[in-house]
Amino acid sequence: MPEEEDFLIEYKGKKVNVSPVINGGNIYFIIHFETPVTIAEGLVNEDWLWYEEGQGQTILSAEIGELIEKMDS
């Protein structure tokens, strides 16, 4: 997965555009739904978890994070 270029994922049968945004040492992902959602991966205690900006850990962030991780393999 290119870290500075948009890419597509398939979520619930639809192609969704994802824009990575590098902010210092962090990478955020803007998911271009009808209302855009920003997610990121962060270290909580000793586990890396996906979270939704302003919402914390959500089911949506976990699902999208899993799809983004698959892009790396």
Side-chain angles (χ1 to χ4, degrees):
M1 164 192 59
E3 290 186 357
E4 296 179 8
E5 296 177 18
D6 288 7
F7 58 93
L8 293 172
I9 59 171
E10 187 169 323
Y11 181 71
K12 295 190 177 184
K14 294 184 179 182
K15 297 282 185 185
V16 179
N17 191 44
V18 177
S19 299
V21 177
I22 298 173
N23 182 359
N26 300 318
I27 301 176
Y28 295 88
F29 297 91
I30 299 171
I31 316 305
H32 295 277
F33 290 129
E34 189 171 309
T35 301
V37 172
T38 302
I39 67 167
E41 189 175 29
L43 188 61
V44 177
N45 297 321
E46 295 184 18
D47 298 317
W48 285 94
L49 302 173
W50 287 92
Y51 64 92
E52 192 172 336
E53 189 173 65
Q55 303 293 318
Q57 187 180 2
T58 63
I59 293 171
L60 176 63
S61 64
E63 291 173 342
I64 297 293
E66 185 177 322
L67 294 171
I68 290 171
E69 287 175 2
K70 286 181 182 176
M71 297 294 296
D72 266 342
S73 53

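This chain uses plain numbering: 1 for the first residue, then up along the sequence. Note that the structure is predicted; figures quoted are calculated from it, not measured.
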As a quick check of understanding, evaluate side-chain contact (heavy atoms from CB on, under 4.5 Å) for I9 and F7, giving each step before the final call.
CA-CA 7 Å; I9 59 171; F7 58 93; 3.8 Å; yes
Would a hydrophobic clustering, with Ile, Leu, Val, Met, Phe, Trp and Tyr connected at side-chain separations under 4.5 Å, put V18 with L8?
no
Would you kindly confirm whether W48 and M71 end up in one hydrophobic cluster when ILVMFWY residues are joined by side chain heavy atoms under 4.5 Å apart?
no
How close do I30 and P36 get, heavy atom to heavy atom, and via which atoms?
CG2-CB, 4.1 Å
Return the minimal non-hydrogen interatomic distance between Y28 and E53, and the atom names on each side.
CE2-OE2, 4.4 Å
Over 60° means perpendicular and under 30° means parallel, so tell me whether W50 and F29 are parallel, tilted or perpendicular.
tilted
When you compare the side chain of S19 with that of I31, does any pair of heavy atoms fall below 4.5 Å?
no
Do F33 and I59 sit in one hydrophobic cluster, given that two such residues count as connected whenever their side-chain heavy atoms are within less than 4.5 Å of each other, even indirectly?
no
Taking all heavy atoms of S61 and all of E52, pick out the closest pair and write down the distance.
CB-N, 3.7 Å
Are there more than 12 heavy atoms of other residues, nucleotides or ligands under 6.0 Å from atom CG of L43?
yes
For E66, give me all partners under salt bridge (charged side-chain N to carboxylate O under 4.0 Å, His left out), at least two apart in sequence or on another chain.
K70
Which pair of non-hydrogen atoms, one from E63 and one from Y11, has the smallest distance, and what is that distance?
OE1-OH, 2.5 Å
Do the non-hydrogen side-chain atoms of V21 and T38 ever get within less than 4.5 Å of each other?
no
